[in-house]
S.K.: 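Before I ask anything, here is the structure I am working with.
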Amino acid sequence: MNEILETYRYLQKQVPNFTPEIGIVLGTGLGALIDNIEIIAKIPYGSIPNFPIATVEAHKGKLIFGMLNGKKVVCMQGRFHFYEGYSMQKVTFGIRVMKLLGIGTLIVSNAAGGLNPAFEISDLMIIQDHISLFLPQNPLIGHNFDSLGDRFPDMSEPYHPDLIQDAENIASKNNLRIQKGVYVSVSGPQLETKAEYKLLRQLGADAVGMSTVPEIIVARHMGINCFGLSVITDLCIPETLQKAEFENIVAAARAAEPSMSLIISGLVGQI
Ligand code: HPA
């Protein structure tokens, strides 16, 4: 708690008189969104007290304050994954700080494997619900800070129905193909076996990935409205499973960037 407060105070001094309404985790597929942001401040994670930067990737991370489609936003360019060795508290640290800075809405994106046989490579999937049960740790375990949220936070609607509806409307107005489904989170870093994909599908998941859910749990703990969008980067159908190639995953995500940015920009404008 002291670390969160210290970081919040530092950032407030860096960007005074700016209260962001919306937090965005620029995950896979949302890299290009940065071009639409009128940047007010760009702060490397390395210069922010208590921000986790143990990995090479994290060293490149930045917190970006600016205007997007008329709204004040704060964006995490670079997120933290449990498989990198961070504790769940560190994985979700940025979300806690963004809440103190003032956000009421959180938007995240990710890359995911498609378990639903109707999905195609580079499809976008609005996350309607999630399954967190396969994560080996949980960011809320330990002392509960009642000033942040309840001991037993509700998870009946982790993704806000109005945001889901608005995103669907934006997609349909722009003739964009859009899917909706359940995201199941795993720790990674290895991809799943055929038997695991089969199991996850049977349990009711449409897509599988290694991020997002800890961030959403912490955001909901603090009463933030959430929206998540996945880009399907590989098809995880056991009978036809291909060997995963990193370059193909990156290419599939890149192909979806324009439509993903369009939906998120539109959504931000309507909040
Ligand atoms: N499994 C887990 N995470 C992923 C996958 C997958 O198949 N594809 C992209 N992220």
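We number each residue from 1, following the sequence as shown. For ligands, and for the atoms within them, numbers begin at 1 and follow the listed sequence.
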S.K.: Within ligand 1, which atoms have a heavy atom of C236 less than 4.0 Å away?
M.R.: 7 (O)
S.K.: Only one of K180, Q179, R201 passes side chain to side chain donor-acceptor pair (under 3.5 Å) with D206; say which it is.
M.R.: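 Testing D206 for a side chain to side chain donor-acceptor pair (under 3.5 Å) against K180, Q179, R201 leaves exactly one candidate, R201.
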S.K.: Any side-chain heavy atom of E3 sitting closer than 4.5 Å to one from F93?
M.R.: yes
S.K.: Could you check atom 4 (C) of ligand 1 against the protein and tell me its nearest heavy-atom contact, residue, atom and distance included?
M.R.: V208 O, 3.6 Å
S.K.: Check whether any side-chain N or O of T233 sits under 3.5 Å from a backbone N or O of A253 as a donor-acceptor pair, and report yes or no.
M.R.: no
S.K.: Counting only heavy atoms from other residues, nucleotides and ligands, does the tally under 6.0 Å from CD of E245 exceed 12?
M.R.: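 More than 12 heavy atoms, drawn from other residues, nucleotides or ligands, come within 6.0 Å of this atom.
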S.K.: Provide, to 0.1 Å, the distance between atom 1 (N) of ligand 1 and the closest protein heavy atom, together with that atom's residue and name.
M.R.: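 Going by distance alone, atom 1 (N) of ligand 1 is nearest to E192 OE1, 2.6 Å.
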S.K.: Please report whether ligand 1 has a polar contact with G113, defined as an N or O pair separated by less than 3.5 Å (distance criterion only).
M.R.: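 N/O-N/O distance under 3.5 Å: yes.
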S.K.: Show the atoms of ligand 1 that are less than 4.0 angstrom away from any heavy atom in M210.
M.R.: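 Counting atoms of ligand 1 from 1, those under 4.0 Å from M210 are 2 (C), 3 (N).
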S.K.: Could you check atom 8 (N) of ligand 1 against the protein and tell me its nearest heavy-atom contact, residue, atom and distance included?
M.R.: D234 OD1, 2.6 Å
S.K.: Using a 4.5 Å cut-off on heavy atoms from C-beta on, say whether the side chain of L100 contacts that of R9.
M.R.: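 They are not in side-chain contact.
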S.K.: Indicate yes or no: at least one non-hydrogen side-chain atom of M88 is less than 4.5 angstrom from one of F82.
M.R.: yes
S.K.: Charged N to carboxylate O below 4.0 Å: is that the case for D154 and R220?
M.R.: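 Between R220 and D154 there is no salt bridge, as every charged N stays at least 4.0 Å from the carboxylate O atoms.
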S.K.: Whether K194 engages the ring of Y197 as a cation-pi pair (distance to the six-membered ring centre under 6.0 angstrom, angle to the ring normal within 45°) should be assessed.
M.R.: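 Checked: cation-pi criterion not met.
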S.K.: Short list, please: which atoms of ligand 1 are under 4.0 Å from a heavy atom of Y197?
M.R.: 1 (N), 6 (C), 7 (O)
S.K.: Provide, to 0.1 Å, the distance between atom 9 (C) of ligand 1 and the closest protein heavy atom, together with that atom's residue and name.
M.R.: T233 OG1, 3.3 Å
S.K.: At a 4.0 Å cut-off, with the gap strictly under it, does some heavy atom of L191 reach an atom of ligand 1?
M.R.: yes
S.K.: What residue and heavy atom of the protein are closest to atom 10 (N) of ligand 1, and at what distance?
M.R.: A111 O, 3.6 Å
S.K.: Any idea which part of A244 is under 4.0 Å from ligand 1, heavy-atom wise: side chain, backbone, both or neither?
M.R.: neither
